[in-house]
Amino acid sequence: MCGIVGYHGHRKPKDIILDGLKTLEYRGYDSAGVAIFDHGQVKRIRAEGKLSKLESQLQSLDFDGRTGIGHTRWATHGTPSERNAHPHTVDGISIVHNGIIENYLEIRDYLLAMGRKISSDTDSELVAHLIAMEVPKTKDLLGAILNIIPKLEGAYSIVVIWDQKADEIVSFKSGPPLILGIGEKEHIIASDIQAIVPYTKNIIYLEDHEIAQIKGQHYTIYNSKGEVLKKPIVEMHWTVDRARKQGYPHFMLKEIYEQPRTVAAVVKPFISLDTETLDFSNLQKNSTIPDLESELQKLERLVIIGCGTSYYAGLTAEYFIEKIAQIPVEVELASEFRYRNPFLPKNTMVLFISQSGETADTVAALRKVKDMGFYTMSLCNVPHSTIDREAHVRMYMNCDAEVGVASTKAFTASIAFLNIFSLYLGKLKNKVNVAAEKSHVRDVMDLPAQMEKALSYADFFKDHAESLKTFKGFLFIGRGVSYPIALEGALKLKEITYLHSEGYAAGEMKHGPIALVDNKMCVIAIAPKDELFEKTISNVEELNARGANIVSLGTGQNEKLKRLSQQGYLALPDAHWSLTPILSVIPLQLMAYHLSNSLGYDVDQPRNLAKSVTVE
Ligand code: F6R
């Protein structure tokens, strides 16, 4: 969603803000702007469209001030346009805002009744008016902000400057993230860690209802009563390099190719290489539950909650947790769960999967579960993110920054982690003996090398992109553990190619979707050699008989499947059944990538999408 960068320090804010906004481009936006001090006044420049447009407007401008704020906007209230772009400036108050002010109509009516002139369609400008009406009374920015916070409902993170205070930035939040970077005689406030890591590793995550004030060379954190808070400074270990393309044309392609390494990295801390057994002893350190192991031993039900690709990672894990650990699993969409009256029996724990750790629905579902009195676990990629901070047990995807909007390496890292986690739960429940554990661990250790083979199908999709993109639609089918992979394959394709694609359980074809099939339809069949293979192949035969154009993914040289797959057969290495999803999803990621590229779309920043969905 929108991106925020604010800077005060010894360098020129223009460059820092622009560079910061560039690192946030991946989040999705449709306009951008800055407000920077110059000769004692605040100069505001905004532009609709890509950041390069704003950059060219800024090129010839020099600002002598040392304070400024910038924003990339993803439209919620009002069309994408310069008029609606941030910063919004009212009577010397300039603000940038992420999120949604839910009571904006009420505030708007109030402001109009007070005779205020509103010049945009946004909810954000209204907040600038409220602060502008307050500063003449308080004579200081912090006091004005403390007075107007109770008037705001909704989710927001807001950064404010006042043209009367050239060395001050005040920011506050309730919902979307805000991070304060503390450097040498400089401070950066941003919505995303990536805008900060080039300058400092020392950061403070603002919690809801906290206010950060940067004044001269100092910062202070306050609560909503204006009392000073002592907050710990944490060290962030991401480097700038990790967020660069490293020679790849797109972040998504780089991230697809990183997967053998990231899958190895996510399992490594939990495997003892000498004994080829699991070692989850470190998990207790990341837990506020006093005796985590005995709590997990008592576990009678696991609920997994997430959105989009993270939800599909949960659906995939359901198959192996139920089979290997023999614990009932329920997988829920966060956006549904949060508004239901869910029934959670005793000895239930709830696992939240979120790459960003900031997805608004997942955060809300986590808080709901905690309010219900249940233990929560998180599987996040971004350390110190909201979900990571708030869960009782913190687990990690451990795959460095994921920048491409279409999630790839976070998905395979999640599945790989949950795969060994299911083995660990199975051990705790006495469902897995040592021989089975060792054999499974060896299979997991073989996985990165097998993933390299799956990556070799890049050429197939590069070569076939021209013909594949002409089909009227795409059906992805699979059974068992390959069913969520069909859903994920279809999601990847629609996200970045805008082609119509659907994922289905292969056994569901006859219950409706087969009516779509004719010779203009492409079917992607995910049919590894497992106990459901013969069932899947019957479905493929039926689709073949109705003229579908079939691309299939199977295990080794499977002649039967090959014969049915006029558009191509992709042979995947033989792996443990529960690890095949990690292999089969890779060609589907490559397919989405190469088709999108061949259609000429912006792979890393697909239309209408944002990397981190911090509002509902
Ligand atoms: C799809 C994708 C989204 C995210 C979803 C949840 O490629 O990236 O579907 O998976 O928005 O995001 P996180 O995992 O950050 O909670």
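Just so it is clear, the structure is predicted and the values come from calculations on it, not from any experiment. Just follow the structure's listing: the first ligand is 1, and inside any ligand the first atom is 1.
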Starting from [atom], what is the nearest protein heavy atom, named by residue and atom, and what distance separates them?
atom: atom 15 (O) of ligand 1; answer: Ser356 OG, 2.7 Å
atom: atom 1 (C) of ligand 1; answer: Glu495 OE2, 2.9 Å
atom: atom 3 (C) of ligand 1; answer: Thr309 N, 4.0 Å
atom: atom 16 (O) of ligand 1; answer: Thr359 OG1, 2.5 Å
atom: atom 11 (O) of ligand 1; answer: Val613 CG2, 4.1 Å
atom: atom 5 (C) of ligand 1; answer: Cys307 O, 3.6 Å

Under a 4.0 angstrom heavy-atom cut-off, which atoms of ligand 1 come close to [X]?
X: Ser354; answer: 13 (P), 14 (O), 15 (O), 16 (O)
X: Ser310; answer: 10 (O), 13 (P), 14 (O)
X: Ala406; answer: 7 (O)

*Are any of the N or O atoms of Gln355 closer than 3.5 Å to those of ligand 1?*
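Yes, Gln355 has an N/O under 3.5 Å of an N/O on ligand 1.
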*Would you say Val405 has any N or O atom under 3.5 Å from an N or O of ligand 1, going by distance alone?*
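N/O-N/O distance below 3.5 Å exists for this pair.
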*Check the angle between the aromatic planes of Tyr205 and His384 and answer parallel, tilted or perpendicular using the 30° and 60° thresholds.*
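Tilted, since the angle between the ring planes falls between 30° and 60°.
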_Quick one, Thr262 with Asp400, criterion side chain to side chain contact (heavy atoms under 4.5 Å, CB included). Give me CA distance, side-chain angles, the key distance, then yes/no._
CA-CA 8 Å; Thr262 50; Asp400 295 340; 5.8 Å; no
*Is the closest heavy atom of Lys492 to ligand 1 under 4.0 Å?*
yes
*asked:* For Ser174 and Asp208: C-alpha separation, side-chain torsions, deciding distance, then whether side chain to side chain donor-acceptor pair (under 3.5 Å) applies.
replied: CA-CA 4 Å; Ser174 173; Asp208 285 352; 4.6 Å; no
_One pair to check against side chain to side chain donor-acceptor pair (under 3.5 Å): Glu255 and Gln589. What are the steps and the verdict?_
CA-CA 10 Å; Glu255 287 158 6; Gln589 297 166 342; over 6 Å; no
_All pairs passing ring pair (Phe, Tyr, Trp, His ring centres under 6.0 Å) where residues 465-509 contributes a residue, at least two apart_ =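 Residue pairs with at least one partner in residues 465-509: Tyr498-Tyr601.
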*Could you pull out all residues at least two apart from His71 that satisfy ring-ring contact (aromatic ring centres under 6.0 Å, His included)?*
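For His71, the residues satisfying ring-ring contact (aromatic ring centres under 6.0 Å, His included) (neighbours in sequence not counted) are His86.
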*Looking at side-chain heavy atoms only, is the closest gap between Ile204 and Ile179 below 4.5 Å?*
no
_Can you confirm whether more than 12 heavy atoms, excluding those of Lys472, are under 6.0 Å from its NZ atom?_
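Enclosed: over 12 neighbouring heavy atoms sit under 6.0 Å from NZ of Lys472.
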*With heavy atoms under 4.0 Å as the rule, classify the contact between Glu358 and ligand 1 as side chain, backbone, both or neither.*
neither
*Interatomic distance, Ile353 atom CD1 to Met395 atom CE [nearest 0.5 angstrom]*: 8.5 Å
